[in-house]
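Structure, as structure tokens:
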Amino acid sequence: MDEERTAEWWGRRAWALLSAVRARAPLVQCITNLVSMDIVANALLAAGASPAMIHCLREIPDFTPRCDAVCVNVGTLSEDWLPSMHAAASACRPWVLDPAAAAASEFRMEACLSLLALRPAVVRGNASEILALASRSIASSSTFKGADSSHDSGDALEAAKSLAQSTGAVIAVSGAVDYITDGKQVVGASNGVAMMQKITATGCAVTALITAFVAVEPSDALVAAACALAIFGLAGEVGMESAKGPASLRMHLVDTLYCLDEQTVTSRVKITLQS
Ligand SMILES: Nc1ncnc2c1ncn2[C@@H]1O[C@H](COP(=O)(O)OP(=O)(O)OP(=O)(O)O)[C@@H](O)[C@H]1O
Ligand SMILES: Cc1ncsc1CCO
Ligand SMILES: [Mg+2]
């Protein structure tokens, strides 16, 4: 590392990448679950990106090569959609995987593993999803909660490192502290509020935001992912100052993503190098 990555450095990087998304409005194809489509598209728009929820297999050869990046999320996986996911992930665009509820079934685990082999730039999951993927098994937990996590993000840190080493992807584990690793370095992003877990698909939305950040910083997926997670968490923190519960937090989080300014980002982003 040539330059010391201080808290101030991360604040400036986060602001620079959010500004680049706003300036360049990257086109982000999202093959995402049915629950998440609305919040994913609105979070991307609020951040300055252009979302397109296009998943028809016959459209992918024309559409995906024109995108800046692709987000694939298996949350409401079906046999029909899996070939589209494979095709979009193979279209030579930077792409990001959300292994939502990876341990729900053998079919879903196999789908996630086949997608991992197509070299995503980043994989963002909650702790239970990353633990399941790293073990390549659906039997890792007796407290399985489907799309929700039954583990803390720190529980999945070693699994994240080994998954990063075996796949070559940057692995991001979300939670109270988001951990982001390329298998060597580990970065922690500690913005966010617990109430974000009470809004469905905030994880899916932050995976899409990571995709937009990767679109503008394809050569440094670790930095892109850490900055996107911190910015999304910060939008939750500021949004919570006006929210009464999950529904109003959802609205204020999206509004805050749209409004975040340089002073707020550079003074409040909390990213630190862990190792
Ligand atoms: N306890 C917490 N405190 C602060 N922020 C949190 C906490 N838990 C989650 N978050 C934040 O909430 C967002 C969603 O993360 P989460 O781990 O809940 O994803 P997920 O389980 O994949 O969600 P979903 O499947 O509903 O999309 C992330 O930005 C994360 O940083
Ligand atoms: C609730 C739910 N079920 C499948 S995907 C999803 C959205 C959060 O991952
Ligand atoms: Mg999820």
Side-chain angles (χ1 to χ4, degrees), residues 28-37 40 53 55 57 60 64 69-91 93-141 143-151 153 155-175 178-183 200-208 210-211 214 221 225 229:
V28 179
Q29 179 180 6
C30 304
I31 305 184
T32 190
N33 71 70
L34 298 162
V35 187
S36 72
M37 285 188 175
V40 164
M53 320 326 252
H55 56 257
L57 183 59
I60 286 169
T64 309
V70 178
C71 179
V72 173
N73 178 312
V74 299
T76 52
L77 186 63
S78 74
E79 279 183 285
D80 292 349
W81 281 27
L82 186 54
S84 303
M85 294 174 178
H86 287 146
S90 306
R93 307 309 301 140
W95 75 281
V96 176
L97 174 65
D98 188 321
S105 66
E106 294 290 358
F107 174 64
R108 187 177 297 238
M109 177 57 68
E110 286 305 317
C112 288
L113 295 175
S114 67
L115 286 161
L116 269 182
L118 298 175
R119 311 252 351 166
V122 182
V123 179
R124 194 293 314 167
N126 65 39
S128 296
E129 291 159 350
I130 298 304
L131 283 163
L133 274 190
S135 72
R136 305 174 69 88
S137 150
I138 69 168
S140 59
S141 171
T143 53
F144 179 59
K145 287 202 284 183
D148 292 336
S149 189
S150 50
H151 299 86
S153 52
D155 301 341
L157 189 47
E158 289 310 312
K161 280 196 221 168
S162 71
L163 194 59
Q165 283 160 6
S166 63
T167 61
V170 165
I171 306 295
V173 190
S174 56
D178 305 309
Y179 292 105
I180 305 97
T181 181
D182 58 7
T200 193
T202 46
C204 311
V206 79
T207 303
I210 290 169
T211 314
V214 167
L229 280 154

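Below, each value reflects all heavy atoms present in this structure, side chains not excepted, and no hydrogens, waters or symmetry copies. Everything numeric here is computed off the predicted structure, so don't read it as measured data.
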Flag side-chain contact, heavy atom, 4.5 Å: P120 against V96: no
4.5 Å side-chain heavy-atom contact, E129 and V123: no
Can you name the closest pair of heavy atoms from [X] and [Y] and give their distance?
X	Y	result
I138	S105	CG2-O, 3.5 Å
C112	L97	O-CD2, 4.3 Å
A103	A132	CB-CB, 3.8 Å
T32	M53	CG2-CE, 3.9 Å
A221	V170	CB-CG2, 3.9 Å
L163	A134	CD1-CA, 4.0 Å

Nearest 0.5 Å please: distance from the [atom1] atom of [X] over to the [atom2] atom of [Y].
X	Y	atom1	atom2	answer
D98	I210	CG	CD1	8.5 Å
T64	W95	OG1	CH2	12.0 Å
L157	I130	CG	CD1	11.5 Å
H55	S78	NE2	OG	8.0 Å
N73	I31	CG	CD1	10.5 Å
L133	L115	CG	CG	10.0 Å

Taking the side chain from [X] and the backbone from [Y], do they hold a donor-acceptor pair closer than 3.5 Å?
X	Y	value
T181	A160	no
R93	V28	no
N126	A147	yes
S36	A201	no
R124	S174	no
R108	V74	yes

L113 and L116: CA distance, side-chain angles, deciding distance, side-chain contact (heavy atoms from CB on, under 4.5 Å) verdict: CA-CA 5 Å; L113 295 175; L116 269 182; 4.1 Å; yes
